[in-house]
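Here's the structure, in structure tokens; my notes come after.
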Amino acid sequence: MDLQIAEQLEELGCVCLSDISGLLATYELDDEISEVLAETSAALMACISGATIDWLRFYERPEFECNGLFFQCVEFSSVGLDTPNFAVNRASLGNAGAMLERAGLDDFGVLVKELREGMRVPPPGMGGIKTLELWESLTRLGKGMRDDAPLLEEYAQRYPIYSSTSERGLRATSKQVSNEDICQNELSELALSLDIGVLHLGPKTEKLRSKGLSRVRELLGVPLPEILSWQGMGRSTTSRIQEGVEALKRAQVPEGDIDWEIYCDHMQLTLLPKQPLSQTMSETIVLLPSVIEETVLAGETEDNRLILEKRIMKPPDERMTLEAVSELMPVKITRERVRQKEAKILKRLASALIYNDYAQSPYHFRPEFTAPWSKAADQFASSEDEISLTSLVEGLEIAWGVSRDVFSEQLPLITAIITGDLASGDEFKRALPVEMPLLLQGSGLAMELPLKRLQIGKAANSFAEMGIDTISDFLNAITSGEVEIDENTASRTTYEQVNIFAQCVEENGEINWPQYAQDAGVPDLPAYQIETPQNFLEAIIPTAISVLQARQLSARAPDIFKLRTSVGLATRPTMDAMAAELGGFGPTIKLVETKLLRFLSEVFIEGNVALARSHVDEEFLSYWAILDDSFTKFDGDVEHLVRDLCEKWGISEEELNKYLPAIVAILTGYPMGRLTRHNTVDRKKPTSSRTRHVQKVLNVREEHDFVPRMVSLRGFRRTH
């Protein structure tokens with residue numbers, strides 16, 4: 001089947017033929033994948049003969065397509081290294097044989113072993129036509145062996161195993177020959193110290209690393225027969241090693257350096273950037289996006305090209321979703337599979353740029369292009385595994401010797417390579433510098449907005465205790481050093497929310513609160529615009545319930561408010577009745593009710609939206625301010641309150657009385673009717689704001705340009 005479909009089936013646990021029926025019965029598959037799986041399974045069933053599968057018949061089907069080098073048949077089951085085998089070359093297997101010989105698969109026994117295990121990536125030069133020719137030759141040979149048992153011996157006599165150029169040292173079986181002997185110690189110290197990733201050995205690189213072979217010198221000290229004896233290691237791997245070593249020898253210049261153009265030409269690799277670099281460090285860093293774009297054309301698969309073009313290379317606000325990219329794939333895959341492929345691409349880029357490791361890369365970077373990344377790795381070698389974005393940017397400035405302005409536009413791509421993740425549009429918006437001109441637009445009232453209007457949780461109360469009440473207070477405290485943005489979660493969260501808020505200030509100074517709520521990832525309440533007192537009254541109960549649901553004080557809180565707290569005394573259920581309906585005990589219900597009223601009072605009356613985990617509309621809060629003023633004016637006398645509001649708002653007492661239980665409960669902290677006279681609850685009065693100069697913030701803006709977002713240094717830790 002198509003390799004992408006096969007990979008998806010493997011991810012779902014289908015690794016053997018016996019798993020197919022269970023998969024079809026258990027999982028919901030895409031229609032296309034289900035159809036392919038069903039058709040292939042039916043074709044396979046038709047080729048079962050007794051207790052075996054007639055694979056030759058399966059391969060001879062008119063609709064058969066060869067995807068990857070996987071071949072087996074009963075006739076070849078006895079073929080091994082000890083049976084009469086023949087040389088694989090152009091004479092025995094045509095043009096395909098020549099490519100296989102070049103890849104080190106010059107023994108039919110070795111070739112059959114490799115084909116049984118399967119080669120997802122064919123040897124260099126094995127295109128579709130040669131692969132088809134190989135399948136026809138193998139099928140013909142298998143059918144011949146079925147009819148004529150000694151046919152393999154005839155092939156062995158016709159194509160002697162040592163009659164070709166395979167006697168190049170690759171067949172050292174009795175003598176412990178090492179790679180170092182073969183290359184005759186012709187490699188320079190620089191070449192010997194290179195990471196084995198430069199040899200482009202593919203997935204087998206990690207197998208070699210697990211054996212303690214991470215440098216070319218270490219690899220060359222191991223005898224070839226020993227490498228071949230390791231599970232999963234075949235002639236194709238040893239041949240690729242020898243090819244890489246030979247390329248390094250040819251590419252050496254007298255001083256011991258490597259001419260990577262010569263090396264890549266010999267290895268048939270794309271060298272990026274295509275032209276040599278003579279730019280400064282700043283100009284090299286700026287080249288990052290354009291060079292990564294070149295990788296799109298450097299041997300990547302169609303799937304990987306789409307991921308690079310539509311996601312990795314796009315700024316956050318233009319990036320396609322995982323689902324949208326999956327729809328564009330030649331064969332649709334799941335969004336999770338797109339994410340996995342994306343992670344592999346980023347890991348490959350990080351390995352190549354930072355550690356000169358090209359194990360699975362179809363391209364090679366010039367050393368002058370990777371130099372900045374090596375410097376960055378050295379800079380962060382002793383850092384913790386997670387640091388703030390501020391520390392990352394400052395470290396890059398030191399490592400590269402340039403101002404952050406040079407690489408600010410490339411920061412999304414840089415952080416993606418380092419962390420292995422693409423920040424979403426909303427996430428990266430939080431990593432933008434605070435835009436002071438945006439906050440000062442119009443009359444600059446946005447600067448004086450209370451911090452408790454932002455989604456910063458308990459940080460608003462913490463800063464209020466320090467006398468820091470407004471955005472202006474907070475930014476000035478940062479510039480003066482009174483508050484360190486890396487110091488704690490409260491300062492980091494607040495700085496992040498100020499960034500989000502700044503992007504939502506219009507040119508005339510108006511604040512786009514719906515946009516802020518969306519960017520902050522919280523619901524915007526009430527559910528509709530408040531234009532009249534009637535709108536406000538109708539919104540009180542549903543908005544209170546929504547705020548309680550968002551805050552999650554208790555799973556029972558929304559129901560307690562709806563079914564008990566906001567209901568008049570005559571029909572209000574008792575604590576025990578509520579406990580029976582919602583579960584728990586009467587005292588527990590009472591405790592939750594007390595907490596939820598204290599919370600709603602702080603949000604609606606004191607305007608401390610920071611605690612709400614939702615944005616509450618300013619117009620809605622302004623009506624609560626009127627209620628609070630009137631209630632305080634009449635010292636908690638509800639009758640006077642009702643008459644005053646009816647006169648101000650032009651509504652009837654009957655209409656207002658519908659919502660009076662909820663209003664009084666929130667104003668006082670007690671359900672209406674519990675007290676004969678309603679006194680206002682004690683409310684924390686925040687420390688008065690301190691006067692600071694806005695210009696002071698502007699003068700030192702450069703000192704704190706970036707939000708302290710925690711960044712994982714996975715890219716600098718060898719692997720993501």
Side-chain angles (χ1 to χ4, degrees), residues 1-20 23 33 36-49 52-81 85 88 92-97 99-143 145-146 202-204 207 231-237 239-240 301 303 330-331 333 360:
M1 293 181 291
D2 181 273
L3 289 178
Q4 291 180 336
I5 293 179
E7 287 179 359
Q8 292 180 64
L9 295 176
E10 288 172 356
E11 290 171 8
L12 294 174
C14 183
V15 294
C16 300
L17 298 181
S18 58
D19 298 327
I20 292 176
L23 182 68
I33 296 178
V36 170
L37 184 58
E39 289 179 354
T40 309
S41 300
L44 184 67
M45 294 290 288
C47 297
I48 294 178
S49 176
T52 62
I53 298 173
D54 187 347
W55 285 106
L56 298 181
R57 180 180 173 189
F58 183 80
Y59 298 144
E60 287 184 313
R61 292 177 300 120
E63 65 273 20
F64 173 75
E65 293 183 3
C66 179
N67 295 295
L69 298 182
F70 299 83
F71 190 103
Q72 61 178 329
C73 62
V74 174
E75 290 73 17
F76 290 170
S77 60
S78 61
V79 173
L81 297 177
N85 290 321
V88 174
S92 61
L93 294 179
N95 292 330
M99 296 300 102
L100 293 169
E101 180 189 23
R102 177 181 174 185
L105 299 172
D106 49 4
D107 180 317
F108 186 65
V110 174
L111 174 61
V112 169
K113 177 178 178 294
E114 290 285 332
L115 292 176
R116 284 188 193 128
E117 296 177 358
M119 291 181 282
R120 291 177 182 267
V121 180
M126 279 292 290
I129 295 178
K130 292 186 180 69
T131 301
L132 183 59
E133 290 177 354
L134 174 63
W135 244 242
E136 291 175 349
S137 298
L138 294 174
T139 303
R140 186 165 54 249
L141 177 58
K143 292 178 69 176
M145 291 174 64
R146 179 184 299 175
K204 301 298 175 67
K207 179 71 173 179
Q231 185 177 5
M233 290 295 179
R235 301 283 182 184
S236 59
T237 302
S239 176
R240 188 65 171 171
T301 65
D303 284 5
V331 176
I333 59 179
Q360 301 188 52

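Hydrogens, waters and symmetry mates are skipped; everything else that's a heavy atom, side chains included, is used.
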Once you round to the nearest 0.5 Å, how far does CG of Leu134 lie from CD1 of Ile129? 14.0 Å
Could you tell me whether Glu117 and Lys113 make a salt bridge, using a distance below 4.0 angstrom between a side-chain N and a carboxylate O? yes
Glu75 side, atom CD; Leu56 side, atom CG - distance, nearest 0.5 Å: 4.5 Å
d(Leu111 CG, Arg235 CZ) to nearest 0.5 Å is 12.0 Å
Rounded distance (nearest 0.5 Å) linking atom OG of Ser236 with atom CG of Asp106: 11.0 Å
Minimum side-chain heavy-atom gap Val88-Leu93 below 4.5 Å: yes
Looking at side-chain heavy atoms only, is the closest gap between Tyr59 and Asp54 below 4.5 Å? no
Here the pair of heavy atoms bringing Pro330 nearest to Asp303 is CD-OD1, 3.2 Å
Evaluate the side-chain proximity of Lys130 to Leu100: yes if any heavy-atom separation is below 4.5 Å, no if none is. no
So CG of Leu105 and CG of Leu115: to nearest 0.5 Å the spacing works out to 8.0 Å
Any non-hydrogen side-chain atom of Lys143 less than 4.5 Å from a side-chain atom of Glu60? yes
Contact check, side chains of Thr40 and Phe58, non-hydrogen atoms, under 4.5 Å: yes
Heavy-atom count around Lys207 NZ within 6.0 Å, excluding the residue itself: above 12? yes
Return the CZ to CZ distance between Phe76 and Phe108, rounded to the nearest 0.5 Å. 4.0 Å
Contact summary for Gly234 and Glu114, nearest pair of heavy atoms: CA-OE2, 3.0 Å
Test your reading of the model: is there a side-chain donor-acceptor pair from Arg57 to the backbone of Ala46, 3.5 Å cut-off? yes
